[in-house]
Amino acid sequence: MPRYIDADAAIRFSRLRYASDLDKEEVSQFIDAAEQTLAADLQITDLKEMENADGTLPADLVQALLILTGDNYRERESISAAQLSKSPHYWHLIYSHVKYLSE
């Protein structure tokens, strides 16, 4: 279950057109995958590590989730939720938050 954005927010943000609750369910699956992908790209185990005091994510990370979800939902016929593609805009939004492992 998505924690930081919902299907309606992703649909509005990306100006996606949908016709049924089934489409909302599919968008929700992409949100789940986006949250997992974002955590992996940030090199953390759980997005809770990035939460503000009120339990929300920083605005740029929410924006990254919206971009990742919308871009991949639009391209859903050529990719699966298990292997999301990432735009340069996504990387620009998250790069300052990445928890690089010290060597």
Side-chain angles (χ1 to χ4, degrees):
M1 174 155 221
R3 293 183 287 191
Y4 301 103
I5 61 173
D6 62 22
D8 290 325
I11 289 165
R12 277 191 313 277
F13 176 83
S14 298
R15 297 187 174 143
L16 301 173
R17 287 195 262 159
Y18 66 96
S20 69
D21 288 338
L22 179 60
D23 291 323
K24 276 188 172 182
E25 179 59 35
E26 193 172 12
V27 170
S28 292
Q29 291 172 2
F30 275 91
I31 294 169
D32 286 337
E35 288 181 357
Q36 293 171 16
T37 298
L38 179 59
D41 290 342
L42 292 172
Q43 299 183 26
I44 58 176
T45 56
D46 193 306
L47 287 178
K48 285 184 178 278
E49 296 176 43
M50 303 303 295
E51 287 180 355
N52 296 316
D54 64 357
T56 62
L57 287 180
D60 49 354
L61 295 181
V62 171
Q63 183 96 7
L65 282 173
L66 290 166
I67 288 171
L68 191 59
T69 300
D71 287 353
N72 286 285
Y73 180 78
R74 275 192 296 280
E75 300 296 324
R76 67 192 175 281
E77 292 182 11
S78 61
I79 62 161
S80 75
Q83 49 183 199
L84 302 182
S85 65
K86 301 160 198 163
S87 75
H89 303 290
Y90 166 83
W91 288 110
H92 177 74
L93 288 166
I94 74 164
Y95 81 94
S96 67
H97 296 281
V98 176
K99 305 289 185 187
Y100 293 104
L101 301 175
S102 57
E103 297 179 346

Evaluation steps, side chain to side chain contact (heavy atoms under 4.5 Å, CB included), between V62 and T56 = CA-CA 9 Å; V62 171; T56 62; over 6 Å; no
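- A donor-acceptor pair is defined here as one N or O able to donate and one able to accept, closer than 3.5 Å; such a pair exists between the side chain of D6 and the backbone of A9.
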Yes or no on side chain to side chain contact (heavy atoms under 4.5 Å, CB included) for K86 and N72, after CA distance, side-chain angles and deciding distance?
-> CA-CA 8 Å; K86 301 160 198 163; N72 286 285; 5.9 Å; no
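- Atom CD1 in I94 sits 5.0 Å away from atom CG in L42 (nearest 0.5 Å).
- Judged by distance alone, the side chain of N52 and the main-chain N or O of D54 form no donor-acceptor pair under 3.5 Å.
- Cluster annotation: V98 and L61 are assigned to the same hydrophobic cluster (Ile/Leu/Val/Met/Phe/Trp/Tyr, side-chain heavy-atom contacts under 4.5 Å, transitive).
- Residues A34 and T69 share a closest heavy-atom pair of CB-OG1, 3.5 Å.
- If you check the side chains of Y90 and D71, you find no donor sitting under 3.5 Å from an acceptor.
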Output, in order, the C-alpha distance, side-chain angles, deciding distance and verdict of side chain to side chain contact (heavy atoms under 4.5 Å, CB included) for L68 and Y73.
-> CA-CA 8 Å; L68 191 59; Y73 180 78; over 6 Å; no
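- Residues I31 and A7 approach most closely at CD1-N, 3.6 Å, considering heavy atoms.
- One finds the CZ atom of R3 at 10.0 Å from the CG atom of L65 (value rounded to the nearest 0.5 Å).
- The distance from atom CD of E51 to atom CD of E49, rounded to the nearest 0.5 Å, is 10.0 Å.
- Nearest heavy atoms, L47 versus E35: CD1-O, 3.6 Å.
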Do K99 and D41 pass the salt bridge (Lys or Arg N to Asp or Glu O under 4.0 Å) test, and can you show the C-alpha distance, the side-chain angles, and the key distance before you say yes or no?
-> CA-CA 9 Å; K99 305 289 185 187; D41 290 342; over 6 Å; no
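- A10 approaches L66 most closely through the heavy-atom pair CA-CD2, 3.8 Å.
- The shortest heavy-atom contact between L93 and Q63 is CD1-CG, 3.5 Å.
- Once rounded to the nearest 0.5 Å, the distance linking CG of L38 with CG of L57 reads 7.0 Å.
- Nearest approach of S87 to I67, heavy atoms of both residues: OG-CG2, 3.8 Å.
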Could you walk me through whether V27 and D8 pass the side chain to side chain contact (heavy atoms under 4.5 Å, CB included) test, one step at a time?
-> CA-CA 9 Å; V27 170; D8 290 325; over 6 Å; no
